[in-house]
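A short write-up of the structure that comes next.
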Amino acid sequence: MGVILHVDMDAFYASVEAQRRGLEGEPLVVGVYSGRTEDSGAVSTCSYEAREIGIHAAMPIKTAKKKADNSDKEVSFVPMDKEYYDSFSDRIQEEILQERAEKIEKASIDEFYIELKTENYKQAENVAKEIQASIKEEFEVTCSIGVGPNKLVAKIASDRDKPEGLTKVKPEEVQEFMYGLEISDIHGIGDRTEEKLSERGIESVQELAEADPALLVREFGEKQGLKLREKARGEDDSEVEESQQKQVTRITTLEENSRNSSKIKQVFPELASDIIEKLEEENMDYGSVQLIVIDTEIQMHTRSTSLKTRVRNNETLKEKGEKLLEEFLEASNSTIRRVGLRASDLKKRKGQKSMEQFF
DNA sequence: AATGATACTCGGC
DNA sequence: TTACGGCCGAGTATCATT
């Protein structure tokens, strides 16, 4: 396997909006507005300059505006335009990354894994620098890149130095690199796992890497236990490959809080048809339907149901969603603020060519 | 007891 | 003083299967 790069765009939505509006280097906040009241909504992401005055993702827009008022800087607030960022991301992939990659994987709207042909880390570093320079020149946004022997190490490396960072970890440096991390820096180790490890006296990456495999297997099972130890050693044999979308969600904020099911159901047709439209684009069927509910305390609840066979059907989605909503309202006394539907357990439909195969 | 499938929650952006 | 979106993928809990 060649050298792996993890390319991670810096504050992507905010950088794209800054470029679009000529606001580079200024505090800028990208928000999602629910339309309920003036400024009702939350921060999606913000520029590094906005972070300096205490604004961060997931913060209510009103709170962010308070921070902005208390600062001497002029802060721009702009609404999220996901479609625009999607096409921006695709263009970076097609115009800069594709041609330099032996293999490429789009991991999210702002993250890519690239496998290079070369085994030479100096060469790989040069490719990474070239990618950073080209993206900056042609798109006027920046990225951070991690260079490593596999996806796990490359991803952690890209996180170490942001924005516009470049972190290279050669195979002989992997151990030193991994031992310098906190256990929670390792992707896939959450609070729960961290606590369980701590109870067993494992608190550092080195301790996990050198832990008794039998103990880990006892605590976490054969598969997961051994995987944990491998991760701490910086080992990962997963391939760089095109990944399929796993779920499609559409969620909306109700005009008024409610627990009147017929009132709430009125938003379902639009949610369902938006989801089906997306599935048609992707030529995918769904095998599972989820209801997502956010109550007046901003607590999220989900209920789901599996289908016997995969379909791409608007009515099924709507009806399963309605049924789940009724069951939820019956069992809970919470009042609903936002409601959504999700289709998951997705699979490409076979026996029907998608458009790109004609080219 | 281990594994896989399903249901639900959490965190990033 | 509080204030609160719309997505996504991954983590974790629980249950069925073997």
Side-chain angles (χ1 to χ4, degrees), chain A residues 8-17 29-48 50-51 55-67 79-83 85-86 89 105-111 155 159 162 184 186-196 217-228 238 243-254 257 267 271 274-275 278 287-307 324 327-328 337-346:
Chain A
D8 193 351
M9 303 306 300
D10 300 321
F12 187 53
Y13 298 176
S15 302
V16 172
E17 289 293 352
V29 176
V30 178
V32 185
Y33 295 80
S34 69
R36 247 198 187 190
T37 64
E38 168 98 351
D39 288 342
S40 172
V43 174
S44 179
T45 191
C46 61
S47 67
Y48 285 86
R51 292 176 201 191
I55 298 172
H56 59 77
M59 178 180 272
I61 288 170
K62 283 187 179 170
T63 311
K65 290 215 163 168
K66 262 260 152 66
K67 299 260 184 197
M80 179 166 79
D81 182 356
K82 190 106 181 298
E83 274 188 39
Y85 316 145
D86 261 320
S89 168
E105 172 177 337
K106 178 173 178 147
S108 71
I109 194 170
D110 71 336
E111 280 179 58
K155 163 120 177 147
D159 262 339
K162 301 182 96 182
S184 56
I186 299 175
H187 189 211
I189 301 188
D191 288 351
R192 182 85 191 179
T193 307
E194 194 180 354
E195 192 170 330
K196 244 167 130 181
V217 167
R218 217 165 38 239
E219 282 301 305
F220 299 96
E222 178 84 22
K223 206 164 184 174
Q224 212 194 334
L226 297 179
K227 198 131 230 166
L228 277 174
S238 65
S243 57
Q244 296 289 346
Q245 184 151 8
K246 295 180 172 61
Q247 55 172 245
V248 178
T249 308
R250 290 296 179 270
I251 186 165
T252 189
T253 302
L254 299 172
N257 298 344
V267 303
L271 295 174
D274 278 2
I275 289 171
K278 179 77 180 172
S288 175
V289 176
Q290 277 98 355
L291 169 76
I292 300 154
V293 160
I294 288 95
D295 65 26
T296 48
E297 317 295 311
I298 320 291
Q299 281 302 113
M300 178 161 61
H301 311 271
T302 63
R303 293 294 180 270
S304 65
T305 186
S306 298
L307 309 179
L324 290 166
E327 285 166 6
F328 176 81
R337 179 185 178 92
R338 299 163 59 204
V339 65
L341 292 176
R342 169 180 301 168
S344 65
D345 193 11
L346 303 184

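All chains are named by letter (A, B, ...) in the order of the sequence lines, taking the proteins before the strands, and each is independently numbered beginning at 1. If you're wondering where the values come from, they're calculated on a predicted model, not measured in any experiment.
- Picking from C:dC4, C:dC8, C:dT2 the nucleotide with the shortest atom distance to the side chain of A:Lys66 gives C:dT2.
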Interface polar pairs with nucleotides 9-13 of chain B, N/O, under 3.5 angstrom:
unit_1, atom_1, unit_2, atom_2, d
B:dT9, OP2, A:Thr302, N, 2.9
B:dT9, OP2, A:Thr302, OG1, 3.3

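- Distances shorter than 4.0 Å separate some side-chain N or O of A:Arg338 from OP1 or OP2 on C:dG6.
- Nearest to the side chain of A:Ile298, among C:dC4, C:dC8, C:dG6, sits C:dC4.
- Side chains of A:Ser44 and A:Lys82: a donor-acceptor N/O pair is absent below 3.5 angstrom, by distance only.
- Within the 4.0 Å cut-off from OP1 or OP2 of B:dC8, at least one side-chain nitrogen or oxygen of A:Ser304 is found.
- Between A:Lys106 and A:Ser89 the shortest side-chain heavy-atom distance falls below 4.5 Å.
- Atom CD1 of A:Ile275 is separated from atom P of C:dC8 by 8 Å (rounded to the nearest Å).
- Of the candidate nucleotides C:dA3, C:dG5, C:dG9, C:dG5 has the atom lying nearest to any side-chain atom of A:Ser34.
- Put simply, CZ on A:Phe328 is 14 Å from C1' on B:dA7, counting in whole angstrom units.
- Residues satisfying the ring-ring contact (aromatic ring centres under 6.0 Å, His included) criterion with A:His301, sequence neighbours excluded, are A:Phe328.
- For A:Phe12, there are no ring-ring contact (aromatic ring centres under 6.0 Å, His included) partners two or more places apart in sequence or in a different chain.
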